[in-house]
Amino acid sequence: MDDTEQIERLYTPWEVADYLGIERQTVTKYARLLEQNGYNFLKDEKGNRNYTDSNIMMFKELIKQRNRPGIALETAAKSIVAIYESKSVFPTDTLIPSDITRLEQATADRLDQQDKTMEKQSELIRVLLERLDEKSKYEEERDKRFNERLDKIVAEVSASVIKQLDQKENQLLLTAKEEVEITKKEVASAKEEIEAIKAEKKASSLDFSESEEEALTRSFSMP
């Protein structure tokens, strides 16, 4: 028999679940999700789904993508259906091992491309974060220099004001001392004048007494 005439084996939901190590209900859930995104499974006369090797591969890829961080199950299902449709794989196709290998490679390539895209996005985010960090450091350094300059200006102004106040205070003290000295001199001069006046008055009083005594003496000595 020619390889192109080999038809894929059909599996029941229980066989698929056992092969993938998941619950049967999960197989049904994944099948419905793929159908919602446009994929059609083989069904028997009662409407029950029959699964092929390629379907099992689809489930494996769905589980693999589901476990990737940041990948939603709906997004993974849509991506897998798109990959299989782009390769013209339908449930009615007859697949041989080489076809499955090509599909696996196509899926792997698609996932690798997604990984590369995510790596580029991560690198871009890293660069942006580094730039933001550098900008933050620059702003911190700028603010630090500004505050240091401001503190220096405040210190210089404060020192100048204190110096001016000290100079003014010293000038006031000097002026006060000079005024005290002048006052002392004026007081001393006044005291001297008072003493001179007192001495003058005392001398005048003595002269007057002597004149009276002489006058009395002459009056008594007259015949």
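The shortest side-chain heavy-atom distance between R9 and E15 falls under the 4.5 Å cut-off. A 4.5 Å side-chain heavy-atom check between L62 and L73 finds at least one atom pair inside the cut-off. For the pair V161 and V157, the minimum side-chain heavy-atom distance is below 4.5 Å. For the pair D166/E169, a side-chain contact is recorded, criterion being any heavy-atom separation below 4.5 Å from C-beta on. Between E140 and K144, the closest side-chain pair of non-hydrogen atoms is not below 4.5 Å. Counting heavy atoms from C-beta on, the side chains of N50 and D44 come closer than 4.5 Å. Between L10 and T52, the closest side-chain pair of non-hydrogen atoms falls below 4.5 Å. Looking only at side-chain heavy atoms (C-beta outward), Q65 and S79 come within less than 4.5 Å of each other.
Residues Y11 and N55 bring no donor and acceptor atom of their side chains to less than 3.5 Å of each other.
Here the closest non-hydrogen pair linking I80 and M58 is CD1-O, 3.7 Å. For N37 against A77, the heavy-atom pair with the smallest separation is ND2-CB, 3.9 Å.
For the atom pair L132 CG and I125 CD1, the distance stands at 11.5 Å (nearest 0.5 Å). Expressed to the nearest 0.5 Å, how far CD of E156 lies from NZ of K163 amounts to 12.5 Å. Atom CD of E179 and atom CD1 of I182 lie 7.0 Å apart (nearest 0.5 Å). Annotation: the span from Q171 atom CD to Q164 atom CD amounts to 14.0 Å, rounded to 0.5 Å. The structure places OH of Y138 at 9.5 Å from CG of D143, a figure rounded to the nearest 0.5 Å. Taken from CG in D133 to CG in L128, the straight-line distance is 12.5 Å, to the nearest 0.5 Å.
Remark: K152 does not engage E148 in a salt bridge, criterion side-chain N to carboxylate O under 4.0 Å. Comment: K185 does not engage E192 in a salt bridge, judged by the lack of any side-chain N to carboxylate O separation of less than 4.0 angstrom.
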Exercise answer: donor-acceptor pairs, residues 26-33 side-chain atoms, under 3.5 Å, sequence neighbours excluded:
{"unit_1": "T28", "atom_1": "OG1", "unit_2": "R24", "atom_2": "O", "d": "3.4"}
{"unit_1": "Y30", "atom_1": "OH", "unit_2": "R66", "atom_2": "NH1", "d": "2.4"}

Please lay out, stage by stage, how V127 and R131 fare under the test side chain to side chain contact (heavy atoms under 4.5 Å, CB included). CA-CA 6 Å; V127 172; R131 291 181 179 178; 3.7 Å; yes

I'd like to know whether K184 forms a salt bridge (Lys or Arg N to Asp or Glu O under 4.0 Å) with E178, so could you lay out the CA-CA distance, the side-chain angles of the two residues, the decisive distance to 0.1 Å, and finally the verdict. CA-CA 10 Å; K184 286 181 178 180; E178 291 176 351; over 6 Å; no

Decide yes or no on salt bridge (Lys or Arg N to Asp or Glu O under 4.0 Å) for K120 and E123, but give the supporting numbers first. CA-CA 5 Å; K120 290 180 179 179; E123 178 65 17; over 6 Å; no

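With ring centers used as reference points, Y51 lies under 6.0 Å from F59.
Annotation for E23: atom CD does not count as buried by contact number, only 12 or fewer foreign heavy atoms lying within 6.0 Å.
Proximity of a side-chain donor or acceptor of T75 to a complementary backbone N or O of I71 within less than 3.5 Å is not detected.
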